[in-house]
Amino acid sequence: MFFFYCENPWKKVVFCLCLLCGSSLHLWAQLSISFPFDGAIFQRNASNLATIHVGGSYTGAVDRIEARLVAVSGGQNIDWTAIHINPSGGIFSGSLFSVLGGWYTLEVRSILFNNVVQTATLSRVGVGEVFVVAGQSNAQGVDNHGAKASSDGQGRVKYVNWTLPCPSGTCQNVDPPFPVISTLNNAGAGLAIAPNGISPWAWGELGDAIIARYNVPVMFFNAAANGSSVGNWSRSADGLPSVNVHVGILYAGNPNFPYNYLRKALNYYGSMFGVRAVLWHQGESDTHKNNNADPNDNTSANEYRDSLQYVISRSRNHSGKIMLPWVVSRASYFSVADANIISGQNLTINPGDKIFAGPETDNLQTPRPDGAHLENLTNGQQAVSELASRWNSALDNSFFTNATPYSATTPPSLTLSCLNNTYSITAPSGYQYFWVNGNGAISTSFSSSQTVNVGSGNYRVYLKDASGNIILSQMVTVPALPPQPPTITSTASTVSAGQEVTLFSQGCAGTVSWSAGLIGNSIVQHPSQTTTYSATCSIGSCASISSSYQVTVCAQNVTVATTFNAGTVGEVKASNAITGVNTVKAGATITYDAKNSITLQPGFTAEKNSNFKAVVGKGCAN
């Protein structure tokens with residue numbers, strides 16, 4: 001067969017570039033989001049805005065990482081935004097700023113040579129309201145009292161299902177595990193709102209009410225403790241033992257409780273997600289104490305005020321949130337109400353000090369079925385639901401205007417390096433360090449050093465500051481050693497002398513070093529002679545073996561006198577003209593490719609059953 005035709009010299013070039021920068025890039029790349037977590041809600045500021053920090057891992061070569069937010073309910077779309085330019089070591093991190101309160105889908109994509117390589121998605125993430133509940137059982141919740149779950153159809157009321165362990169009645173001073181976020185749409189027995197809540201109580205319905213008003217998601221953490229007096233809280237804030245007024249023994253078997261429930265909630269969850277306020281409902285145990293047989297064991301109004309103010313002060317100091325808002329309900333009813341307790345609560349309320357008035361509850365469901373706890377009765381009064389309604393009324397527009405919230409702490413930026421064939425990950429200085437595998441808890445940490453030497457795998461670090469606040473990093477995916485060598489492609493494998501050619505490196509999540517003395521995922525060259533280029537992939541000082549790629553520089557004019565025998569597959573190029581005086585034997589496949597002309601002179605023969613093609617108009621430029 002014999003073919004002879006002319007073509008647009010640019011069509012094939014464009015086609016090759018599309019192949020290079022399109023689906024073939026996926027062969028070298030993976031992308032994952034490891035911060036934030038699905039369902040996470042970050043506290044909005046007074047302007048209904050928040051910063052969402054994003055981090056994760058990638059493999060293969062990447063020029064930049066972009067992220068966007070797609071508004072699902074409320075909020076406003078944020079289009080693709082570059083959050084990390086020229087990341088290295090397979091780690092990316094960055095931020096999306098001025099995110100309006102709302103419910104979003106988070107998407108992240110990796111870009112190489114201005115083409116999308118991979119995309120990863122986090123189903124839901126939100127900017128809204130984060131509350132920490134504290135107090136006693138009418139804040140903690142009680143199973144089998146008719147509490148109703150959130151009914152929000154989009155699952156925008158969130159919590160973490162975990163409680164601090166108290167084996168044999170002695171509560172343990174342990175750090176919370178990696179947060180797994182759940183939706184507060186279950187009212188069944190056994191539900192626990194970290195770090196100590198029981199059942200959805202009034203908080204699921206309160207979340208629904210806030211969503212109805214502001215169209216932002218809501219997250220609750222519950223640090224309340226049943227049967228606790230205000231004295232239990234103030235003494236345990238300094239690790240001093242105090243007696244459970246109902247059973248006459250050391251409260252929780254540990255002098256750090258109940259206050260440590262609140263401290264854990266603020267230091268861990270309040271640091272990670274931010275917080276609007278502490279919602280305080282307590283007083284019933286002090287009424288019980290005031291009505292016992294010992295008149296010297298009473299809580300006066302001033303004593304209640306002083307104790308609660310001390311708890312508030314300690315919570316602010318221990319969390320580093322020096323004006324953390326508190327909302328204090330007026331609650332004392334334990335078979336009877338106690339005016340001293342209510343007075344102490346009223347004396348504590350001081351909006352100028354960011355201590356706001358919560359609901360009044362002593363007139364709610366009196367008498368109560370068991371003397372103390374609110375209950376949603378079957379075919380009767382819905383007292384827990386009414387408690388939610390009263391909290392919603394207390395958290396009015398004035399509260400949200402004046403209760404200045406605290407934003408989430410920025411996650412740490414980690415660096416991956418390699419020396420002497422060993423990987424290491426380094427965290428910022430100035431913290432205590434708890435390195436874990438994957439999503440492990442602090443209790444499973446394997447190192448307390450700022451820098452750790454690791455093998456291939458997935459790692460995070462918990463950073464604890466001087467106040468005890470905990471910051472959780474993104475996950476770092478460490479590859480195997482040595483790094484994988486890059487794969488090299490180009491815009492053209494054959495060029496004329498001095499013609500521009502771009503060489504592309506793919507598959508390297510580190511730094512690509514070229515034999516031409518350049519660094520980067522792509523380089524531009526103008527070879528004057530046939531040249532073999534090589535490239536290595538390095539993470540730190542650990543380098544891959546080199547990959548090679550030859551760019552052939554073709555002559556301006558070529559005269560072909562060679563006989564091509566059966567089985568030969570070949571191509572002859574010239575930047576100007578090709579003259580053929582040779583024979584193409586049967587069974588050979590040969591292409592002549594010249595920019596301006598191909599001349600087949602006497603003596604040229606393409607035998608029957610050979611495959612010969614002549615292309616004019618391209619030559620070395622394809």
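Residues Cys418 and Ile539 come closest through the heavy atom pair CB-O, 2.9 Å. Summarising the geometry of Trp201 relative to Ala139, their closest heavy-atom pair is CD1-O, 4.0 Å, with the distance given to 0.1 Å. Nearest heavy atom pair, residue Ser473 against residue Leu414, reads OG-CD1, 3.6 Å. The minimum heavy-atom distance linking Ser110 with Val62 is given by the pair CB-CG2, 3.8 Å. Heavy atoms only, all atoms of each residue included: Trp103 and Ala40 are closest at CZ3-O, 4.4 Å. Of all heavy-atom pairs spanning Ser449 and Tyr433, the tightest one is O-CB, 3.5 Å.
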In sequence, state the C-alpha distance, the side-chain angles, and the governing distance for Ser505 and Asn521, and then conclude on side chain to side chain donor-acceptor pair (under 3.5 Å). CA-CA 5 Å; Ser505 167; Asn521 290 325; 5.0 Å; no
Give the intermediate values and the outcome of side chain to side chain donor-acceptor pair (under 3.5 Å) for residues Asn392 and Arg213. CA-CA 10 Å; Asn392 184 48; Arg213 289 161 57 195; 2.6 Å; yes
* Tell me, with the steps shown, if Thr491 and Thr502 meet side chain to side chain donor-acceptor pair (under 3.5 Å). => CA-CA 6 Å; Thr491 51; Thr502 302; 4.6 Å; no
| Hey, mind stepping through Arg156 and Asn185 against side chain to side chain donor-acceptor pair (under 3.5 Å) and telling me if it holds? | CA-CA 9 Å; Arg156 290 176 289 174; Asn185 57 3; over 6 Å; no
Check step by step if side-chain contact (heavy atoms from CB on, under 4.5 Å) holds for Thr404 and Lys354. CA-CA 8 Å; Thr404 306; Lys354 303 298 181 182; 3.7 Å; yes
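You'll find the side chain of Leu472 reaches within 4.5 Å of the side chain of Pro179, heavy atoms only. The closest side-chain heavy-atom distance from Ser93 to Gln474 is below 4.5 Å. For the pair His318 and Leu266, the minimum side-chain heavy-atom distance is 4.5 Å or more. The shortest side-chain heavy-atom distance between Ser417 and Ser424 falls under the 4.5 Å cut-off. For the pair Ile470/Ser271, no side-chain contact is recorded, criterion being any heavy-atom separation below 4.5 Å from C-beta on. Between Val157 and Asp208, some side-chain heavy-atom pair lies under the 4.5 Å cut-off. Taking 4.5 Å as the limit, some side-chain heavy atom of Tyr214 sits within range of a side-chain heavy atom of Asn397.
Phe434 has its ring centre no less than 6.0 Å from the ring centre of Phe446. A centroid separation of 6.0 Å or more is found between the aromatic rings of His53 and Phe42. The aromatic ring centres of Phe131 and Phe221 sit 6.0 Å or more apart. Separation of the Phe220 and Tyr159 ring centroids does not fall under the 6.0 Å cut-off.
Salt bridge Lys464/Asp175: present, at least one basic N to carboxylate O contact under 4.0 Å. A salt bridge is defined here as a Lys NZ or Arg NE, NH1 or NH2 lying under 4.0 Å from an Asp or Glu carboxylate O, and Arg64 with Glu66 meets this definition. A salt bridge does not link Asp38 to Arg124: none of the charged side-chain nitrogens sits closer than 4.0 Å to a carboxylate oxygen.
A cation-pi arrangement is found for Arg109 relative to Trp80, the charged atom lying closer than 6.0 Å to the ring centre and inside a 45° cone about the ring normal. Annotation: cation-pi geometry not satisfied between Arg276 and Phe400 (NZ/CZ under 6.0 angstrom from ring centroid, within 45° of ring axis).
The aromatic rings of Trp326 and Trp280 are tilted relative to each other, their planes meeting at an angle between 30° and 60°. Ring orientation note: the planes of Phe35 and Phe37 are nearly perpendicular, at an angle over 60° on the 30°/60° scale.
Side-chain N/O atoms of Asn196 and Thr163 include no donor and acceptor closer than 3.5 Å. Using a 3.5 Å distance cut-off with no hydrogens or angles, the side chains of Asn453 and Thr422 do not pair a donor with an acceptor. If you check the side chains of Ser182 and Lys158, you find no donor sitting under 3.5 Å from an acceptor. Between the side chains of Asp143 and Ser199, no donor-acceptor pair of N or O atoms lies under 3.5 Å. For the 3.5 Å distance criterion, the side chains of Asn45 and Tyr406 fail to qualify, holding no donor opposite an acceptor. Between the side chains of Thr59 and Gln30, no donor-acceptor pair is found at a separation under 3.5 Å. Side chains of Glu129 and Gln43: a donor on one and an acceptor on the other come within 3.5 Å.
Sparse packing is recorded around CD of Gln76, with 12 or fewer heavy atoms of other residues, nucleotides or ligands lying under 6.0 Å away. Counting heavy-atom neighbours within 6.0 Å of Gln484 CD, excluding the residue itself, gives a total of 12 or less.
A side chain to side chain contact (heavy atoms under 4.5 Å, CB included) with Leu69 is found for exactly one of Val127, Thr105, Val125, namely Val125.
Atom CG of Leu191 is separated from atom CG of Asn186 by 5.5 Å, given to the nearest 0.5 angstrom. Atom-to-atom distance recorded for Ser445:OG and Tyr462:OH is 9.5 Å, nearest 0.5 angstrom.
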